[in-house]
Amino acid sequence: MSAPRPDTRSRDPGFPPAGERVLVVGIVNATPDSFYDGGRFASTEAALEHGLALAAEGADWLDVGGESTRPGALEVPVAEELARVLPVVEGLAKHCALPISIDTRRAEVAEKALERGASIVNAVAGLRDARLADVAAAHGAALVLNHMRGEPATMQRAPGYTDVVREVAEELRADAARAERAGVPRERIWLDPGIGFGKRARRHSVVLIARLRELVALGHPVLVGPSRKSFLGALTGAGVGDRLPGSLAAAVACVLAGARALRMHDVAAARQAVDVAAAIRDAQEPAP
Ligand code: HH2
């Protein structure tokens with residue numbers, strides 16, 4: 001494994017940091033079957049190497065997951081999920097100073113990962129396991145609430161909304177209120193529209209990005225995960241390996257609309273796109 005790299009960014013207990021820098025979240029999938037990189041980082045060693053490489057590319061935060069939530073995926077037994085993620089979380093916490101999130105649906109996995117050095121819970125299925133909020137509160141962790149309609153096994157069969165943005169915003173707001181009641185401070189609760197989780201490409205995922213300001217207006221920091229997802233293939237015909245340009249275009253649109261973090265597979269490319277988009281956003285003239 002690579003030698004530890006010096007890093008000036010830190011696992012600040014006040015995360016998210018104040019200021020306007022848009023964060024790039026590097027994806028570390030310790031899974032055999034993720035939709036893009038499944039199997040490439042399935043061993044602890046490979047996942048650790050990858051996480052450290054993403055840190056060197058300019059990630060601000062690393063998201064470790066041990067269960068694919070791609071459409072059609074079946075649940076992984078909890079013992080298996082723990083065996084995949086815990087050594088990776090522990091190793092990254094030891095070798096790199098970035099904040100680490102645990103991407104899971106389960107409170108038990110979140111709790112053990114927080115004990116091993118994670119400081120953020122990425123609740124990829126929202127608060128379906130309501131104990132996730134209690135666990136985050138008890139550990140002083142930040143909490144990402146992702147919007148998911150249905151279950152990964154079936155969520156893309158016939159997702160239906162009357163007004164996707166209003167419904168996603170309402171469901172996220174309800175989860176955020178539950179998390180606050182459980183004791184997670186409001187400013188540490190992130191909202192994520194859940195691109196591709198029970199969403200059709202043009203009717204839902206594209207609309208959620210186009211109207212992202214309505215989620216930003218809820219007053220929580222917003223994270224978006226468009227990276228290499230199938231809506232990009234539906235729009236362009238590109239296969240998953242050829243969706244980097246589309247991923248960057250979506251990331252730029254999210255930054256211009258006020259997203260505070262982008263969850264991305266390709267960190268070096270995303271870093272550049274996000275920084276340029278943020279500079280352009282910040283240079284906009286106020287309306288006359
Ligand atoms: N997307 C994926 C997984 N976790 N978490 C948040 N907060 N937002 C997302 O959009 C999101 C997420 C799916 O991407 P990936 O991890 O690459 O795939 P898989 O679920 O197949 O492992």
Side-chain angles (χ1 to χ4, degrees), residues 16 23-42 47 50-51 54 59 61-76 80-81 84-85 88 99-106 109-110 113 118 120-128 132 136 141-149 151-153 155-156 168 171-172 175-176 179 189-199 201 204-205 208-209 212 215 220-233 240-241 243-244 247 250-251 254 259-267 270:
L23 307 179
V24 175
V25 182
I27 301 171
V28 182
N29 279 327
T31 55
D33 57 348
S34 286
F35 78 93
Y36 169 54
D37 49 8
R40 280 171 59 195
F41 313 115
H50 186 55
L54 296 183
W61 145 15
L62 298 174
D63 185 45
V64 177
E67 181 187 52
S68 171
T69 45
R70 74 190 185 285
L74 298 175
E75 272 193 38
V76 169
E80 175 67 28
E81 190 181 350
R84 291 179 186 175
V85 296
V88 179
I100 299 164
S101 55
I102 175 69
D103 179 339
T104 187
R105 315 192 228 185
R106 293 162 165 148
V109 175
I120 306 162
V121 175
N122 179 10
V124 66
L127 294 185
R128 252 165 257 202
L132 276 164
L143 176 64
V144 180
L145 296 170
N146 186 53
H147 182 273
M148 184 191 285
R149 258 292 159 93
E151 301 295 329
M155 67 191 176
Q156 288 302 92
V168 166
E171 288 168 34
L172 286 175
D175 264 2
I189 300 171
W190 292 71
L191 303 183
D192 184 329
I195 299 299
F197 289 100
K199 318 277 177 358
H204 303 140
S205 290
L208 281 162
I209 293 174
L212 194 69
L215 287 188
H220 292 270
V222 168
L223 179 150
V224 191
S227 190
R228 294 189 180 266
K229 287 194 175 158
S230 64
F231 81 105
L232 301 167
V240 67
R243 293 180 191 155
L244 177 57
S247 303
C254 293
R260 287 282 310 276
L262 273 301
R263 179 182 181 278
M264 305 296 284
H265 297 96
D266 306 276
V267 165

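As the structure lists them, so they are numbered: ligands from 1, and atoms in each ligand from 1. Count residues from 1 along the sequence. Just so it is clear, the model here is predicted, and its values are computed rather than measured.
- For atom 6 (C) of ligand 1, the closest non-hydrogen atom on the protein side is Asp192 OD2, 3.2 Å.
- Taking only nitrogen or oxygen atoms, main chain and side chain alike, Glu67 does not reach within less than 3.5 Å of ligand 1.
- Salt bridge present: Arg105 and Glu151 bring a charged side-chain N and a carboxylate O closer than 4.0 Å.
- Side-chain contact between Leu262 and Cys254 is present, with heavy atoms from C-beta onward closer than 4.5 Å.
- The shortest distance between side-chain heavy atoms of Met264 and Pro226 falls below 4.5 Å.
- Between Ile27 and ligand 1, a contact under 3.5 Å exists for no N or O pair.
- Scanning the protein for heavy atoms near atom 20 (O) of ligand 1, the closest one is Thr69 N, 2.7 Å.
- Looking only at protein heavy atoms, the nearest one to atom 5 (N) of ligand 1 is Asn122 ND2, 3.1 Å.
- For ligand 1, the atoms sitting less than 4.0 Å from at least one non-hydrogen atom of Asn29 are 15 (P), 16 (O), 17 (O), 22 (O), numbered in the order shown with element in parentheses.
- Between Phe41 and His50, the ring planes are parallel. Angles under 30° get that label, and only those over 60° would be called perpendicular.
- Close approach to Val124 involves these atoms of ligand 1, each under 4.0 Å from a residue heavy atom: 4 (N), 5 (N), 12 (C).
- Judged by distance alone, with hydrogens and angles left aside, the side-chain atoms of Lys199 form no donor-acceptor pair with the main-chain N or O of Phe231 at under 3.5 Å.
- Distances below 4.0 Å separate heavy atoms of Gly225 from the following atoms of ligand 1: 10 (O).
- Not one N or O of Asp63 is nearer than 3.5 Å to an N or O of ligand 1, by distance alone.
- Nearest to atom 22 (O) of ligand 1 among the protein's heavy atoms is Ser34 OG, 2.4 Å.
- Of all protein heavy atoms, the one lying nearest to atom 4 (N) of ligand 1 is Asp103 OD2, 2.8 Å.
- A salt bridge links Asp103 with Arg263: at least one charged nitrogen is closer than 4.0 Å to a carboxylate oxygen.
- Nearest non-hydrogen protein atom to atom 17 (O) of ligand 1 is His265 NE2, 2.8 Å.
- Using a cut-off of 4.0 Å between Lys/Arg side-chain N and Asp/Glu carboxylate O, Asp33 and Arg70 are scored as salt-bridged.
- Results of the side-chain contact (heavy atoms from CB on, under 4.5 Å) test with Val88 over Val64, Leu62, Ile100, Asn29 single out Val64 as the only residue that passes.
- Of the protein's non-hydrogen atoms, Arg263 NH1, 3.3 Å is the one closest to atom 2 (C) of ligand 1.
- Nearest protein heavy-atom contact of atom 21 (O) of ligand 1 is Ser68 OG, 2.7 Å.
- For the pair Asp33 and ligand 1, the shortest N or O to N or O distance does not fall below 3.5 Å.
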